[in-house]
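Notes to accompany the following structure.
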Amino acid sequence: QAHLVESGGRSVHPGGALTLSCVGSGYSFSDSYMAWFRQAPGKEREVVAGVSDGGNYRPYAASVNGRFTIYRDNPKNTLYLQMTSLLPEDTATYYCAAGSRPYSEFVRSWSSANVYDYWGQGTQVTVFS
């Protein structure tokens, strides 16, 4: 059974930095594309960034492009999200997700939650003054 566990969320001040981790098990981690999503209170879940199985394709949401970096370590079955220049609007629960559809479908639909089969339980990031 697939299992994703996020960690690293905490409270930080605006302008601060944080790195989230997500460890996957119970499925073929290195054959799956992955992504980070987030959901703020009262808002819908939104994609933050995605990464292909080999790590070469890494699309980002416009709101985080240039501030966040997604990367993965396949031998360690771990996905990361390095966040810098954090803003109060980055406050949310962050989720990692994994899927294994064809690469072309990931490129076309990476921002849609529908192409991901496995989800973690989330880790809370709070940015406040």
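Heavy-atom basis, side chains included; hydrogens, waters and symmetry copies ignored. No experiment lies behind these values; they were computed from the predicted model shown.
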Q) Applying ring-ring contact (aromatic ring centres under 6.0 Å, His included), which residue pairs with at least one partner in residues 60-79 are found, sequence neighbours left out? A)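 Those involving residues 60-79 are Tyr71-Tyr80.
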Between the main-chain N or O of [Y] and the side-chain N or O of [X], is there a donor-acceptor pair closer than 3.5 Å?
{"X": "His13", "Y": "Phe128", "result": "yes"}
{"X": "Ser52", "Y": "Tyr57", "result": "yes"}
{"X": "Thr123", "Y": "Ser7", "result": "no"}
{"X": "Thr78", "Y": "Lys76", "result": "yes"}
{"X": "Asn74", "Y": "Asp53", "result": "yes"}
{"X": "Thr91", "Y": "Pro88", "result": "yes"}
{"X": "Asn77", "Y": "Gly24", "result": "yes"}

Looking only at non-hydrogen atoms, find the nearest pair between Ala2 and Tyr27 and report the distance.
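So the minimum-distance heavy-atom pair works out to CB-CD2, 3.8 Å.
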Which atom of Gly99 lies closest to which atom of Tyr116, heavy atoms considered: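 In this case the closest contact between Gly99 and Tyr116 is N-CD2, 4.1 Å.
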Leu86 and Leu18: side-chain contact (heavy atoms from CB on, under 4.5 Å), yes or no, with the steps?
CA-CA 8 Å; Leu86 283 162; Leu18 197 60; 4.0 Å; yes
Any [X] side-chain heavy atom under 4.5 Å of [Y] side chain:
{"X": "Cys22", "Y": "Trp36", "result": "yes"}
{"X": "Val47", "Y": "Trp110", "result": "yes"}
{"X": "Leu81", "Y": "Leu79", "result": "no"}

Linking I/L/V/M/F/W/Y whenever any side-chain heavy atoms sit under 4.5 Å apart, do [X] and [Y] land together?
{"X": "Val51", "Y": "Val5", "value": "no"}
{"X": "Tyr118", "Y": "Val115", "value": "no"}
{"X": "Val125", "Y": "Phe37", "value": "no"}
{"X": "Met34", "Y": "Ile70", "value": "yes"}

message: For a quick check under 3.5 Å, do Asn65 and Arg67 share a side-chain donor-acceptor pair by atom type?
response: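 Arg67 and Asn65 do not have a side-chain donor-acceptor pair below 3.5 Å.
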Checklist entry - Within 45 degrees of the axis of the six-membered ring of Trp119 and under 6.0 Å from its centre: does Arg45 put its NZ or CZ there? => result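 Relative to the ring axis of Trp119, which defines the angle, Arg45 lies inside both limits.
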Please report the interatomic distance CG(Asp90) to OG1(Thr126), rounded to the nearest 0.5 Å.
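So the gap between those two atoms works out to 11.0 Å.
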>> Rounded to the nearest 0.5 Å, what separates atom OG in Ser30 from atom CZ in Arg72?
In response: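 Separation between the atoms: 7.5 Å.
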Enumerate the residue pairs fulfilling side chain to side chain donor-acceptor pair (under 3.5 Å) with a member in residues 16-25, sequence neighbours excluded, ordered by first and then second residue.
->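 Every candidate side chain to side chain donor-acceptor pair (under 3.5 Å) pair involving residues 16-25 fails, so no pair, neighbours aside, qualifies.
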| task | For residues 93-106, pull every pair meeting side chain to side chain donor-acceptor pair (under 3.5 Å), keeping only residues two or more places apart or in separate chains. | result |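 Passing the test, one end in residues 93-106: Arg38-Tyr94, Thr93-Gln124, Arg101-Asp117.
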- Message: Counting only heavy atoms not in Glu44 (residues, nucleotides, ligands), do more than 12 fall under 6.0 Å from its CD?
- Response: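 No, the 6.0 Å shell around CD holds no more than 12 heavy atoms from other groups.
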side-chain contact (heavy atoms from CB on, under 4.5 Å), paired with Leu20, selected from Gln82, Arg10, Met83, Glu6
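With Leu20 as partner, side-chain contact (heavy atoms from CB on, under 4.5 Å) holds for just one option, Met83.
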task: Begin from the C-alpha positions of Val23 and Leu4 and carry the test side-chain contact (heavy atoms from CB on, under 4.5 Å) through to its verdict.
output: CA-CA 6 Å; Val23 178; Leu4 297 174; over 6 Å; no
